[in-house]
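These notes concern the structure reproduced below.
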Protein chains: 2
Amino acid sequence: MGERPALSKGEMEVARVLWEIGPAGVRQVHETLSEQREIDFATVQTYLRRLERKGYASSRRDGRARIYSARTKPRTVIRETVDELVERLFGGDTMPLVRHLIEDRGLQAEDLDELRELIDRMEQGE
Amino acid sequence: MGERPALSKGEMEVARVLWEIGPAGVRQVHETLSEQREIDFATVQTYLRRLERKGYASSRRDGRARIYSARTKPRTVIRETVDELVERLFGGDTMPLVRHLIEDRGLQAEDLDELRELIDRMEQGE
DNA sequence: ACACTTCAAGTACAGTTGTACTGCAAACTT
DNA sequence: AAGTTTGCAGTACAACTGTACTTGAAGTGT
């Protein structure tokens, strides 16, 4: 599977909103995104259309409005996107990225705890 | 600082090679990259030129050849790139990405050990 | 019913990206 | 020295991106 063209940055944002709020019309997506950054209604519309063309979303008419839903799970998109990044930027080596995330991006104490558990679990399981 | 335009995927690969092998001519970069994927000599050349235009590399003539050097540390580029990705794809939340990396991308036992130490260190030393 | 407001659809358009061909000069071969 | 190879500079170009304007139909207030 997976012959979707990669998401562009703008498309990612819109996809994220779709995951967050579930199936929604352009207006709703636009409103949600507007809370975080300024973006034109029509721009959001374009991103949604492109998301659909690329296979990441589907839509149906609902009266006058068009309702978009995500067709791909966050997990999948994350995998595809991050794998590609790791490949390109680190030649496939995961650790530099993990190090950066833990060291340089303020994680909360609880996050660190969670990670420790996660690591334990990984070490035995499998 | 940091008003560099973001790197594209192809540019990233070339930047990585530059970090890896240090200052080098087009040929050398092309050879190194060719070990991993097929790519045209002239394409690499273009990427190097663009890297320079964007401020990520500099070059000097050395006789007939042109030698490119990275001008930005990996660390910096990683930060900029990953921060942007986290912003767009996770709305700024770091953990989903860390989770994905640890759970879904086969880390070696030693990597896990290293992480554990890293986490310990983070938790005490501010 | 008429003016006014909403919105989807289509169109636009410059900048970026991926990818590569062409032209020419320097260097190497015979 | 003429031919062949090497490698940079320049140019090309379609697809993709970011961003938004325009047009026209549907819905709303009076």
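All of these numbers come straight from a predicted model, not from anything done at the bench. Within every chain, numbering begins at 1; the chains are lettered A, B, ... in the order of the sequence lines, protein sequences first and strands thereafter.
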*Among A:L97, A:I78, A:T81, find the residue that satisfies the side-chain contact (heavy atoms from CB on, under 4.5 Å) test when tested with B:L85.*
A:T81
*Qualifying residue, where the test is side-chain contact (heavy atoms from CB on, under 4.5 Å) with B:Y47 and the options are B:L7, B:V14, B:V26*: B:V14
Please enumerate all protein N or O atoms sitting under 3.5 Å from an N or O of nucleotides 1-3 of chain D, with distances to 0.1 Å.
none

*Which heavy-atom pair separates A:R116 from B:R116 by the least distance, and what is that distance?*
CG-CG, 4.3 Å
*Taking atom CD1 of A:I102 and atom CG of B:L118, what is their separation to the nearest 0.5 Å?*
5.0 Å
*Please state how far atom CG in A:D62 lies from atom C1' in D:dG27, giving the value in whole angstrom units.*
15 Å
*Determine the contact category for B:S8: base if any of its heavy atoms lies under 4.0 Å from a base atom, sugar-phosphate if only primed atoms, P, OP1 or OP2 are that close, otherwise nothing.*
sugar-phosphate
*With a 4.0 Å heavy-atom cut-off, tell me which residues in residues 20-32 of chain A come close to DNA chain C, sorted by residue number.*
A:V26, A:R27
*Return the minimal non-hydrogen interatomic distance between B:L89 and A:M12, and the atom names on each side.*
CD1-CG, 3.8 Å
_Protein-nucleotide distance (A:M12, atom CE; D:dC16, atom P), rounded to Å_ = 16 Å
*Does a salt bridge link A:E13 with A:R37, judged by any charged N lying under 4.0 Å from a carboxylate O?*
yes
*asked:* Quick check: closest heavy atoms across B:W19 and B:T72, and the distance to 0.1 Å?
replied: NE1-O, 3.0 Å
*asked:* What's B:R53 touching, base or sugar-phosphate or nothing? Going by heavy atoms closer than 4.0 Å.
replied: nothing
*In whole Å, what is the span from the OH atom of B:Y68 to the C1' atom of D:dG7?*
11 Å
*From A:Q28 CD over to A:L18 CG, what is the distance, rounded to the nearest 0.5 angstrom?*
9.5 Å
*Report the distance from atom CG of A:L7 to atom P of D:dC16, rounded to the nearest whole Å.*
13 Å
*Name the one of A:E84, A:E80, A:E52 that satisfies salt bridge (charged side-chain N to carboxylate O under 4.0 Å, His left out) with A:R4?*
A:E80
*Regarding A:S58 and A:R71, is there a side-chain donor-to-acceptor distance under 3.5 Å anywhere?*
no
_Just N and O in the side chain of A:R37: are any of them under 4.0 Å from OP1 or OP2 of D:dT19?_
yes
*What is the 5' to 3' range of DNA chain C, first to last nucleotide, that sits under 4.0 Å from any heavy atom of chain A?*
C:dC7 to C:dT11
_How many whole angstroms separate atom CG of A:D40 from atom P of D:dT22?_
12 Å
*Between A:T46 and B:K9, which is nearer to the 5' end of DNA chain D once each is assigned its nearest nucleotide?*
B:K9
*Please state how far atom CG in B:L48 lies from atom C1' in D:dG10, giving the value in whole angstrom units.*
16 Å
*A:L48 and A:I67: same hydrophobic cluster, using ILVMFWY side-chain contacts below 4.5 Å?*
no
*Of the non-hydrogen atoms in A:A42 and A:D40, which two are nearest, and what is the gap between them?*
N-OD1, 2.8 Å
*Measure from CZ on A:F41 to P on D:dA20 and round the result to the nearest Å.*
14 Å
*Rounded interatomic separation in angstrom, taking CD from A:E11 and P from D:dG18*: 6 Å
